[in-house]
Protein chains: 2
Amino acid sequence: MFRGFSSVSVDSKGRLAVPSRYRTLLSGQVSDSLVITLNPLDRSLWLYPLPEWEIIETKLAALSDFDMQSRRTKQMMRGYASDCQLDNQGRILLPRELREYAGITHQAVLLGQGNKVELWDEDGWNTQRDQWLQQLGDGNGEPPDSLRSLSL
Amino acid sequence: MFRGFSSVSVDSKGRLAVPSRYRTLLSGQVSDSLVITLNPLDRSLWLYPLPEWEIIETKLAALSDFDMQSRRTKQMMRGYASDCQLDNQGRILLPRELREYAGITHQAVLLGQGNKVELWDEDGWNTQRDQWLQQLGDGNGEPPDSLRSLSL
DNA sequence: GGGAATAGTGGGTAATTGTGGGAATTACTA
DNA sequence: TAGTAATTCCCACAATTACCCACTATTCCC
């Protein structure tokens, strides 16, 4: 399971060093590769270990083609899914299209999210984060019931 | 169950000595590790024993991805949750981002809070504390029904 | 109260991890 | 087929982290 935060740099060639604690999880055991695709809900990317991705792919395949949102989600996620392999230094090369989609330039942020890792441009993420914190602080924006009843 | 107050120092490397009475609880029995994440409601951090955290993680995983606030809550709490292990002196290394979020510099304060321990910068805590005490005492700010009916 | 154990604090060193860039290889385009 | 761009492989440096040791303060116990 992925959790935790890392800030990593993306070099001029578009390479990103996967934090060492994720390496075995992401590429480790069975397959040597992981899948990176876009997150249709935010301007960010998702990294899956290959076995996890295959589960997602099955779920996507089951979505109806006759519902617009489902079809688009399917197209997007599958269409942009790329296989990556770690190089000898434990880095992956982020495809240019995906980098551009997520607006990733020099510094990026990795957020462990259970079965996947979410990858944001650092500035973009900080903006989102501050916005969200402010909303919570304000007490405005009426949290949904699921949140109201959440005890941490 | 965690309760009680401790003031501890955070050294120049960002390490914090977990008070000995918490050690067995936090890392003890089963797993050797604990999870530290941010408290989205205040500028402070939360420390969970791993088993407790896993309960929280399950709750978070159940939140909808299609509601913005829920999604952000999920991203933040899981995204910033870092596994920590005690070193031989019973200390943990606080990740830099979390230290910065909570404004923790040299001296910190630990507050037992049932299933978790809350971690504040000492100055920050003192300020907040005085402010709240005053608010409560004033009787301004309309307490919610749940508080009204609370007998201490 | 004195001594021993435990707890808290600080810092040095070695290993690991993250980062950048050059050179060689491959793929793509005109 | 030549030229350009993109990718891979490799080496080297810098920063961070883990591990270890030593010292001080506190607590506990006789």
Side-chain angles (χ1 to χ4, degrees), chain A residues 2-28 31-36 47 80-101 104-112 117 119-122 125, chain B residues 2 4-28 31-36 47 80-101 104-112 117 119-122:
Chain A
F2 298 105
R3 67 171 71 97
F5 176 96
S6 326
S7 172
V8 290
S9 69
V10 177
D11 67 22
S12 56
K13 299 178 187 175
R15 293 176 305 183
L16 172 144
V18 175
S20 64
R21 76 197 135 100
Y22 290 158
R23 278 182 207 157
T24 47
L25 277 167
L26 270 175
S27 91
S31 61
D32 197 28
S33 64
L34 56 96
V35 173
I36 179 168
L47 274 75
Y80 281 99
S82 357
D83 287 284
C84 293
Q85 329 231 84
L86 300 188
D87 70 11
N88 290 352
Q89 278 73 249
R91 292 180 286 200
I92 52 171
L93 179 69
L94 301 176
R96 197 151 46 79
E97 293 79 18
L98 291 179
R99 248 183 295 154
E100 283 165 6
Y101 172 76
I104 292 170
T105 51
H106 281 280
Q107 204 64 22
V109 153
L110 289 161
L111 302 168
V117 176
L119 175 63
W120 288 72
D121 177 64
E122 189 166 58
W125 168 251
Chain B
F2 298 105
F5 174 95
S6 328
S7 172
V8 290
S9 71
V10 178
D11 67 22
S12 57
K13 297 182 185 173
R15 292 176 304 185
L16 172 145
V18 175
S20 64
R21 78 200 136 102
Y22 290 157
R23 275 183 208 158
T24 47
L25 275 168
L26 271 175
S27 91
S31 62
D32 197 28
S33 63
L34 56 97
V35 173
I36 179 167
L47 275 75
Y80 281 100
S82 335
D83 285 288
C84 292
Q85 327 230 83
L86 300 187
D87 69 10
N88 290 352
Q89 279 72 251
R91 293 178 287 197
I92 53 171
L93 178 69
L94 301 176
R96 197 152 43 79
E97 289 79 15
L98 292 180
R99 248 182 296 152
E100 283 166 7
Y101 172 76
I104 292 171
T105 51
H106 282 279
Q107 204 63 22
V109 154
L110 290 162
L111 301 166
V117 176
L119 175 62
W120 288 75
D121 177 64
E122 190 165 58

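Per chain, numbering begins at 1; letters A, B, ... match sequence-line order.
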* **With sequence neighbours excluded, residues passing side-chain hydrogen bond (donor to acceptor under 3.5 Å, both in side chains) with A:Q107** => A:S7
* Specify the residue among B:P19 and A:P19 whose closest nucleotide of DNA chain C lies further upstream toward the 5′ end. => B:P19
* All side-chain hydrogen bond (donor to acceptor under 3.5 Å, both in side chains) counterparts of B:R21, not counting sequence neighbours -> B:S6
* **Estimated bend of the helix from C:dG1-D:dC30 to C:dA30-D:dT1 (axis per five terminal pairs, rounded to 10 degrees)** => 30°
* Asked: Rounded to the nearest 0.5 Å, how far apart are CG of B:L93 and CZ of B:R99?
  -> 6.5 Å
* Minimal non-hydrogen separation, B:V117 against B:L110, with atom names -> CG1-CD2, 3.5 Å
* To do: With sequence neighbours left out, write down each residue that passes salt bridge (Lys or Arg N to Asp or Glu O under 4.0 Å) with B:E100, or none if nothing qualifies.
  => B:R96
* Structure fact -> Its 5'-most and 3'-most nucleotides having an atom under 4.0 Å from a non-hydrogen atom of chain B, DNA chain C is contacted over C:dA7 to C:dG12
* For B:R21 and D:dT27, give me the distance from atom CZ to atom P, rounded to whole Å. => 12 Å
* To do: Would you kindly give the CD-to-C1' distance between B:E97 and D:dT17, to the nearest whole Å?
  => 14 Å
* Structure fact -> Taken in chain and number order and not counting sequence neighbours, the residues that satisfy side-chain contact (heavy atoms from CB on, under 4.5 Å) with B:I92 are B:L16, B:V18, B:L34, B:L47, B:C84, B:L86, B:L94
* **Exercise: identify the closest heavy-atom pair between A:R23 and A:Q89** => NH2-O, 3.7 Å
Restricting both atoms to N or O, compile the protein contacts to nucleotides 5-11 of chain D shorter than 3.5 Å, with distance only.
unit_1: D:dT8; atom_1: O4; unit_2: A:K13; atom_2: NZ; d: 3.1
unit_1: D:dC9; atom_1: N4; unit_2: A:R15; atom_2: NH1; d: 3.2
unit_1: D:dC10; atom_1: OP2; unit_2: A:N88; atom_2: ND2; d: 3.0
unit_1: D:dC10; atom_1: N4; unit_2: A:Q89; atom_2: NE2; d: 2.6
unit_1: D:dC10; atom_1: N4; unit_2: A:R91; atom_2: NH2; d: 3.2
unit_1: D:dC11; atom_1: N4; unit_2: A:Q89; atom_2: NE2; d: 3.4

* Structure fact -> By side-chain contact (heavy atoms from CB on, under 4.5 Å), A:D83 pairs with (sequence neighbours left out) A:S33, A:V35, A:L50
* To do: Mind checking ring pair (Phe, Tyr, Trp, His ring centres under 6.0 Å) for A:F5 and listing every partner two or more places apart, or none if nothing turns up?
  => B:Y80
* To do: First locate atom CG of B:D11, then atom NE2 of B:H106, and finally report the distance between them rounded to the nearest 0.5 Å.
  => 9.5 Å
